[in-house]
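Please read the structure below before turning to the comments.
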Number of protein chains: 2
Amino acid sequence: MTESEFLAGYDPAAYERPALAVDLVLLGIRAGRLAALLLRRSRQPQAGLWALPGGFVGIAETLDAAAERVLREKAGIGRARLEQLYTFGAVDRDPRMRIVSVAYLGLLPEAAFAEALAGGAGLAAATLVVPWAGEAGGPVSAGTEDGAPLPLAFDHADILALAVKRLRGKLDYTDVGFALLPEHFTLRQLQDVHAAIRGAPLNKSAFRRRMRDRGWIAPTGAREAGTAFRPAELFRFDRSGQF
Amino acid sequence: MTESEFLAGYDPAAYERPALAVDLVLLGIRAGRLAALLLRRSRQPQAGLWALPGGFVGIAETLDAAAERVLREKAGIGRARLEQLYTFGAVDRDPRMRIVSVAYLGLLPEAAFAEALAGGAGLAAATLVVPWAGEAGGPVSAGTEDGAPLPLAFDHADILALAVKRLRGKLDYTDVGFALLPEHFTLRQLQDVHAAIRGAPLNKSAFRRRMRDRGWIAPTGAREAGTAFRPAELFRFDRSGQF
DNA sequence: CTTAGTTATACTCAATGTGAGTAGAAATCG
DNA sequence: CGATTTCTACTCACATTGAGTATAACTAAG
C-alpha cells in the first residue's frame, strides 16, 4: 500500500475532540506599571468578569494565524509582536465544553497600548500585580489604575501570571524590553520599563553600562524635548547587536 | 438568564475542530551524548521513518495526563519528569488530517533511558546533533551511535530541536542537569552532562566552584568504586538549595 | 615495596561584571 | 544669575569567572 492509497482510505472522524482556542495576553506599560488589555464579558458564562481576548482556531488556520486574527478582530490591533506562551488544558477550565487554549503573549509599545484602549473595542487596561509566585506561575491580581480589583474569568489569572513570568525570564537576554517602548527612547525610559517588568528597582549606573556595553542601543544624536530639566539623549534599538 | 440556564441551552457542536495530540521528547544521556527515544513507524503515513512517541488527547483528559499516558503506553516508562514544551500547529504537519500537537519534554536518568530501550517497546536511541540553530529552533540531525542518520517523520525534527534548545536555556538556573543523572554522581559526571547538553565544553574549576557555591549538591561521604585511578567523591542533588 | 600514571581536589591570579556612591554637565525656572 | 533637578561620566570595592598550577589519592606495573 502506498502512502497515497493509505491516505485515500483514512477515516479522520473517530473520537470526540476538545475545542481549540487561542487567548491573547497583550501587555504594555501604563503609568509606569505593567498592564494588560482585557475585555469585559457581556454574555454567559461568567458575564461581567474580565477576560483575555480569544477565539477558536479554524480548521485550516495556523495557531499563529488564529492569534493574529484575534488580535485584529477582538482587540482591534493591526500588528504586534506575538509569541506562543503555553497551552492550557485543564478539563473544567471552561464550563461550556472542553476547550484547550493556546495562550499567546503580545507586547505593545506605550502608544499602541493607549490607542487600542481608545479604539472602542471595549478593551480595558488592567494594572498587574504579580508577586513572585514560584515556578508554575501563581495567580495574579489585576486592578484598575486606582486600585479597584478586576475579577478575571476562567483560568485567565493563571495565564496572565505565566505571561509576566515569561516576560521576566526573557528580559535579560532578549529584546523584549524594547518591544514596549517607542522607536526613540531615553535610557531612563528603558530602565523604567525593565523595572516595571521585574517589579523591582535596578541599579542605575550598572544598568546604563550594561545596555551600552551590549551594543543593543544606538544613539540617535537627538535629545528629549519638553522636559523641565536637562534633557536625556535619545536612543534607538540596534538590532545588529548580538543576542 | 442565569449561568446554569445559559449552559443548559449551549450548543457545543458548531465548527469542525482540529485533532489534538501530545508528542513526547524523551531525552537522556547515552555514551556521553544527548540522545532521544524514538519509535520507528510501521504504518502509513511515513512508514519507516522515526517518530516521537505520541497519542491523541482524550475528551476528558488533561494535557499532562495524556502525556503521562503516552509515556506509559507508548514508551513503557512508568514515571519521568515531564514538562510542556510548545504546541505545534502547522496546517499540513500531518497528511492524514489537521492535528495540533502539544509537545512535552521528558528527562530520563541514564539507567531509566537504557531500561526503556531494552523494554521491548520498539524504542531506539537517536544521538542528537543540534547546531545552535537560532531562535526558532532549527532542524536537528538525529543518528544512531555509529553515525548513520535516522530520518524523522512529520515535523519531529523541529520538535527535537526546540526541546534541546529549551533544555540548554534552563540548564543554568534550574535542576534539569540532575534529572539526567542517577541519585549519586560525581562532579565529573555532572560536568559531562552539562557539556553534553550545551554541546560545548566547560571550565572545570569554575564549574566545580559554581556547583558547590550554589548549594545544589550535598556530599554523600561515599566515593566512586571500580575506577582505575583516584575515585571521586559522590554527591547527591540537594533540593533545599535555592533556585 | 616502590614508582609511574592518572584523575580528583584545592589553590592562585588576572579579567570581567556589578552595586554603590560621587562629581561635574546641561537644561529650566524664578 | 543662581537654585534646582536630572543626565552623564567617573571611581572604588566586591563577586564571579576563565585559566592555569600544585598537591592528594588511588591503581597497576615493575
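Chain naming here is simple, since letters A, B, ... match the order of the sequence lines and numbering starts at 1 in each.
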- Item | Closest-nucleotide 5' rank along DNA chain C - winner of A:Arg210 and B:Leu234 | B:Leu234
- Item | Selection from C:dA27, C:dA8, D:dT17 that lies nearest to any side-chain heavy atom of A:Arg223 | C:dA27
- Query: In terms of the angle between their ring planes, are A:Trp216 and A:Phe178 parallel, tilted or perpendicular, with boundaries placed at 30° and 60°?
  - Reply: perpendicular
- Could you tell me the separation between the CZ atom of B:Arg230 and the P atom of C:dA10, rounded to a whole number of Å? 8 Å
- Between B:Arg209 and D:dT17, is there a side-chain N or O to OP1/OP2 distance below 4.0 Å? no
- Message: Let's test your reading of the model: under 3.5 Å, does the base of D:dG18 pair with the side chain of B:Ser205 as donor and acceptor?
- Response: no
- Query: Under 4.0 Å between a side-chain N/O of B:Lys204 and OP1 or OP2 of C:dT9, yes or no?
  - Reply: no
- Query: Quick one: A:Asp213 CG to D:dA9 C1', roughly how many Å, whole number?
  - Reply: 13 Å
- Relative to each other, are the rings of A:His194 and A:Phe207 parallel, tilted or perpendicular (30° and 60° limits)? perpendicular
- Separation of D:dA13 P from A:Asn203 CG (nearest whole Å): 17 Å
- Query: Quick one: is B:Arg188 getting a side-chain N or O under 4.0 Å of the C:dT9 phosphate, OP1 or OP2?
  - Reply: no
- Query: For D:dA9, does OP1 or OP2 lie under 4.0 Å from any side-chain N or O of A:Arg212?
  - Reply: yes
- Message: The side chain of A:Ala232 is closest to which nucleotide in this list: C:dA8, D:dT8, C:dG19?
- Response: D:dT8
- Considering only D:dC26, D:dT17, D:dT6, which nucleotide approaches the side chain of A:Phe229 most closely? D:dT6
- Message: Can you measure B:Glu224 atom CD to D:dA25 atom P for me and round it to whole angstrom units?
- Response: 16 Å
